[in-house]
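Dropping a structure here in structure tokens format, bear with me for questions.
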Amino acid sequence: MDYLDIAGSMDRKIGPAEGILIQRELSPLVDRKWDKRKVERIAGADVHFPARDQARAALAVFSFPGLELIETAVHQSACLTPYIPGLLSFREIPAILKAWKKLQGSVSLLLCDSHGIAHPRRLGMASHLGLILDIPTIGCAKSPLCGIFEEPGPERGDRAPIRDKEGFTIGTVLRTRQRVKPIYVSIGHKIDLVHAVQFVLASTPRYRISTPLRWAHRLAGSRT
DNA sequence: GCGACAG
DNA sequence: ATCTTGTCGC
């Protein structure tokens with residue numbers, strides 16, 4: 001079964017046992033390097049749930065580094081898989097892929113409202129989506145899922161490494177705004193942690209959340 | 001066994 | 001994520 005094929009695992013309900021097997025199989029395929037490609041378009045992806053079985057995905061594409069809005073795409077459809085910590089991909093990615101097909105232009109880098117490799121099996125949604133779309137992605141979560149870390153300093157740009165039990169760094173707790181709760185950045189796919197943090201800060205000029213993700217969040221329908 | 005647990 | 005008002009602090 002080709003799990004990177006949309007029809008391979010994203011068009012049906014996936015249970016915990018199968019989901020974990022898929023993640024273990026795909027995890028080794030994540031590319032943790034940055035190839036220095038030109039980033040002219042950076043996008044944000046988010047999903048809102050109007051009802052328990054309905055998912056509304058939104059994508060907001062911006063120019064980079066100017067951060068001017070280029071285009072948006074939205075798609076609402078039924079979601080078959082319930083939310084289970086560690087298996088978020090199977091609930092949100094189907095709707096995101098359908099919205100993705102509606103985009104007219106290309107995307108150089110995609111920011112996701114989730115973790116990347118800072119995940120129990122090193123395959124959070126940002127990594128999974130990056131593998132499926134075959135583009136660079138970054139995990140930008142608002143709360144931790146796993147790992148150990150210290151509280152970063154109070155200034156914008158202050159950070160602290162997120163490490164697994166073996167001591168390996170799997171992400172960065174990053175303060176994107178002075179004295180505001182930090183976010184959790186991790187490699188999604190086709191990028192390294194240093195560049196991931198750099199791109200997140202460059203696309204987060206004022207608020208806690210990056211411009212692409214804030215727009216995606218709004219477009220998806222969330223009131224906050 | 002118990003608690004934690006992206007969105 | 002969602003149910004939901006006002007309120008405290010910069």
Side-chain angles (χ1 to χ4, degrees), chain A residues 10 13-16 19-20 22-23 26-27 30 44-60 74-97 99 110-132 137-149 153-156 158 162-165 170-189 193 196 200 206-210 212-224:
Chain A
M10 288 300 166
K13 179 176 182 177
I14 298 295
I20 288 173
I22 292 172
Q23 293 178 332
L26 297 182
S27 178
V30 171
D46 196 14
V47 182
H48 175 72
F49 297 91
R52 191 153 57 188
D53 62 339
Q54 283 288 304
R56 183 184 168 88
L59 293 166
V74 172
H75 182 86
Q76 183 172 325
S77 55
C79 56
L80 309 171
T81 305
Y83 169 70
I84 297 174
L87 297 172
L88 178 66
S89 296
F90 305 100
R91 179 166 174 73
E92 301 198 348
I93 288 183
I96 294 175
L97 292 178
L110 181 62
L111 303 178
C112 303
D113 184 31
S114 68
H115 286 287
I117 64 170
H119 174 279
R121 290 166 292 282
R122 306 293 175 269
L123 197 85
M125 191 180 82
S127 297
H128 199 155
L129 189 53
L131 281 171
I132 291 175
T137 57
I138 297 173
C140 303
K142 296 184 292 300
S143 63
L145 173 61
C146 68
I148 307 167
F149 55 88
E155 301 301 315
R156 167 183 161 86
D158 284 345
I162 300 174
R163 297 195 180 81
D164 63 17
K165 287 187 175 181
I170 56 176
T172 297
V173 191
L174 178 67
R175 190 85 64 185
T176 53
R177 191 180 179 182
Q178 187 179 72
R179 269 175 297 179
V180 165
K181 184 164 64 160
I183 64 169
Y184 303 78
V185 179
S186 59
I187 290 171
H189 184 48
L193 189 54
V200 168
R206 179 171 183 186
Y207 304 108
R208 177 192 180 220
I209 303 302
S210 69
L213 280 177
R214 291 184 83 245
W215 274 73
H217 197 252
R218 286 181 57 270
L219 290 168
S222 183
R223 303 185 311 176
T224 60

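Convention: sequence-line order gives letters A, B, ...; per-chain numbering from 1. This structure is a prediction, so every number in the text was calculated from the model and none was measured.
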Both distances under 3.5 Å, Watson-Crick or G-U wobble: on that basis, could you give the dot-bracket string for DNA chain C, with [ ] for crossing pairs and | for other-strand partners? ..........
Under 4.0 Å, heavy atoms only, any strand: does A:G139 hit a base, just the sugar-phosphate, or nothing?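 The answer is nothing, as A:G139 stays clear of every strand by at least 4.0 Å.
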Mind checking whether A:H115 and A:M125 have side chains closer than 4.5 Å, heavy atoms only?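 When only atoms from C-beta onward are counted, A:M125 and A:H115 do not touch, as no gap falls below 4.5 Å.
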For residues 77-84 of chain A, dump all side-chain donor-acceptor pairs below 3.5 Å to protein atoms at least two apart in sequence or in another chain.
| residue | atom | partner | partner atom | Å |
| --- | --- | --- | --- | --- |
| A:T81 | OG1 | A:I14 | N | 3.2 |

Base, sugar-phosphate alone, or nothing: which one does A:L87 contact when heavy atoms must sit under 4.0 Å apart?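 Result for A:L87 = base.
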Would you compute the distance between atom CG of A:L87 and atom CG of A:L123 and round it to the nearest 0.5 angstrom?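 Interatomic distance, A:L87 CG to A:L123 CG, rounded to 0.5 Å: 10.5 Å.
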Interface limits on DNA chain B, where chain A has a heavy atom under 4.0 Å of a nucleotide atom: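 Terminal contacting nucleotides, 5' to 3': B:dC5 to B:dG7.
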Heavy-atom contacts, protein to nucleotides 4-10 of chain C, under 4.0 Å, summarised as B (base), S (sugar-phosphate only) or - (none) per nt, yield ------S
A:Y83 near the nucleic acid: base, sugar-phosphate alone, or nothing, with a heavy-atom cut-off under 4.0 Å?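 Counting heavy atoms under 4.0 Å across all strands, the contact made by A:Y83 includes a base.
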With rounding to the nearest 0.5 angstrom, report the CZ to CD distance, A:R122 to A:Q23.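 Here the rounded value is 11.5 Å.
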So which pairs with a foot in residues 213-222 of chain A pass salt bridge (charged side-chain N to carboxylate O under 4.0 Å, His left out), sequence neighbours left out?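 For residues 213-222 of chain A: none.
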How many angstroms lie between atom CG of A:L59 and atom CG of A:L110, to the nearest 0.5 angstrom?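 Rounded to the nearest 0.5 Å, the CG-CG separation comes to 7.0 Å.
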Do A:F49 and A:R91 have side chains that get closer than 4.5 Å, going by heavy atoms?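 Counting from C-beta outward, A:F49 and A:R91 do come under 4.5 Å.
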Can you give the dot-bracket line for DNA chain B, using ( ) for pairs inside the strand, [ ] for pairs that cross earlier ones, | for pairs with another strand and . for unpaired bases, where Watson-Crick and G-U count if both distances are under 3.5 Å? .......
At under 4.0 Å between heavy atoms, what does A:S114 touch on the DNA or RNA strands: base, sugar-phosphate, or nothing?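 Touches a base.
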Taking the side chain as every heavy atom from C-beta outward, state whether A:L97 and A:L129 have any atom pair closer than 4.5 Å.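 In contact.
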Is any side-chain heavy atom of A:H128 closer than 4.5 Å to one of A:H119?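 Sidechains of A:H128 and A:H119: no contact.
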NA contact type, A:P120, heavy-atom cut-off 4.0 Å: base, sugar-phosphate, or nothing?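 Contact class for A:P120: none.
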Can you tell me how far the CG atom of A:L26 sits from the OG atom of A:S127, to the nearest 0.5 Å?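 So the CG of A:L26 and the OG of A:S127 are separated by 10.0 Å.
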From A:L193 CG over to A:I187 CD1, what is the distance, rounded to the nearest 0.5 angstrom?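 Separation between the atoms: 5.5 Å.
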